[in-house]
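Data block below; observations after.
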Amino acid sequence: LGLFGALAPALVYWYGAHAVINGSLQIGTVVAMAAYLTRLFGPMTQLFSTHVTVQSNMALFERIFDYLDLVPEIEEQPDAIDLPRAVGRVEFDHVSFRYNQHRLALNDVSFAVEPEQIAALVGPSGAGKTTTSYLIPRLYDATEGAVKLDGHDVRDLTLKSLAANIGMVTQEPFIFHASLRDNIAYARPGADDADILRVMDAANLSDVLARMPKGLDTIVGERGYRLSGGERQRIAIARVLLKDPPVLVLDEATNSLDSESEYAVQSAVSKLLAGRTTIVIAHRLSTIHSADQILVLENGEIVERGKHLDLLTLGGLYSRLYERQFTSERAPASLAEASNA
Ligand code: ATP
């Protein structure tokens, strides 16, 4: 159509010029003809390109509806229990789990975390720490055994009440392309600004807010104001503080932050842990020191468990991991102390 649109006036002028010379047409008629032709081609091209737009959008719709029609693997029982606010006892009762046919990611894992206590999961890469943390909020269901909250198998609870009772802070929290207010309030829709400012203060985000050009209305995320790694983690902490669930699943960040940001995150985390049952994938020395129990995982099994000093004395996997992963933190800590002094 584009090519024809460009050639047609040329043809009209060529044929028209001959006709004018022969005296069978007037020059005005030829010019008018060429002008009207261009007016005709615009709408015609638009009409045909609509067809192309409709076709490509139909393909997009198909993909969206395929996605919406997916049946979730995690289903709620018809007679599921609607658990009000849990006391917060988390128990793994002989839990085994496999992602696929090949290999058990967790093998006969049993432990219990009493309300308001902290259990730290440590172990080499691929040991099953993340998998353990995924089974608590039912991101996956145990293949064998049961994960229990306040004595109820999590599969017997309504998904809504389970979600309301568990907060998660992952290593890479997702920040939506939305205002700072919406990014925090989505943990508890309807929260007012006073609540949002309170949790931002507790998560050491007040100085970040002061720097924002439009305060709580500043658009952050993908194409908005860019937040640093430490700031994103503190947003995730503020979300959980706002939601205030009795159980917390925390995957501590492995990425190193500068010492000021590190301090801000650590002090926010310590406020987050207060009064909550916490299962933490520990990467910080201070976290394993404050843990009520440390569970050492290797190849999907708990190979050692106990308190920090007992496990160090044991001289097994934990003491080796501790030497390798955690003792390097001592140097900066003492340097910081030295500079403070
Ligand atoms: P890291 O410290 O590296 O995060 P981890 O202890 O958290 O390791 P998991 O992520 O729980 O380990 O993985 C346990 C095992 O399950 C690994 O062998 C891993 O390859 C496997 N695994 C993890 N996620 C999946 C998945 N989505 N599909 C298949 N296998 C998986």
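Each ligand, and each atom within it, is numbered from 1 in the order the structure gives.
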Can you tell me which residue and heavy atom of the protein come closest to [atom], and the distance to 0.1 Å?
atom	result
atom 2 (O) of ligand 1	K129 NZ, 2.9 Å
atom 18 (O) of ligand 1	R103 NH2, 2.4 Å
atom 9 (P) of ligand 1	T131 OG1, 3.5 Å
atom 4 (O) of ligand 1	T130 OG1, 3.5 Å
atom 29 (C) of ligand 1	Y99 CB, 3.3 Å

Would a search of protein heavy atoms around atom 20 (O) of ligand 1 find one under 4.0 Å away? no

For the 3.5 Å polar cut-off, considering only N or O atoms, please tell me whether S125 and ligand 1 meet it. yes

Using distance alone, determine whether G126 and ligand 1 share an N or O pair under 3.5 Å.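 Yes: some nitrogen or oxygen of G126 is under 3.5 Å from one in ligand 1.
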
Considering only NZ, NE, NH1 and NH2 on the basic side and carboxylate oxygens on the acidic side, decide whether R198 and D201 come within less than 4.0 Å.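 Looking at D201 together with R198, the answer is no, because their closest N to O distance does not fall below 4.0 Å.
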
So, E114 and R89, do they make that salt bridge, N to O below 4.0 Å?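 Result for this pair is yes, salt bridge flagged.
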
Sidechain-backbone polar pair: R188 side chain, L242 backbone, donor-acceptor under 3.5 Å: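 Here the side-chain-to-backbone pair exists.
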
Indicate yes or no for a side-chain donor-acceptor contact from N165 to the backbone of A86 under 3.5 Å, with no hydrogens or angles considered. yes

Looking only at side-chain N and O atoms, does N204 offer a donor or acceptor that is under 3.5 Å from a partner on S267? yes

Common cluster, V109/Y99, ILVMFWY with side-chain heavy-atom separation under 4.5 Å: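 Yes; Y99 is reachable from V109 via cluster members.
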
Please determine which of I219, I235, D217 meets the side chain to side chain contact (heavy atoms under 4.5 Å, CB included) test together with L180. I235

Enumerated ligand 1 atoms positioned under 4.0 Å from heavy atoms of A105: 16 (O)

Atoms of ligand 1, numbered as shown, that sit under 4.0 Å from any heavy atom of A127: 5 (P), 6 (O), 12 (O)

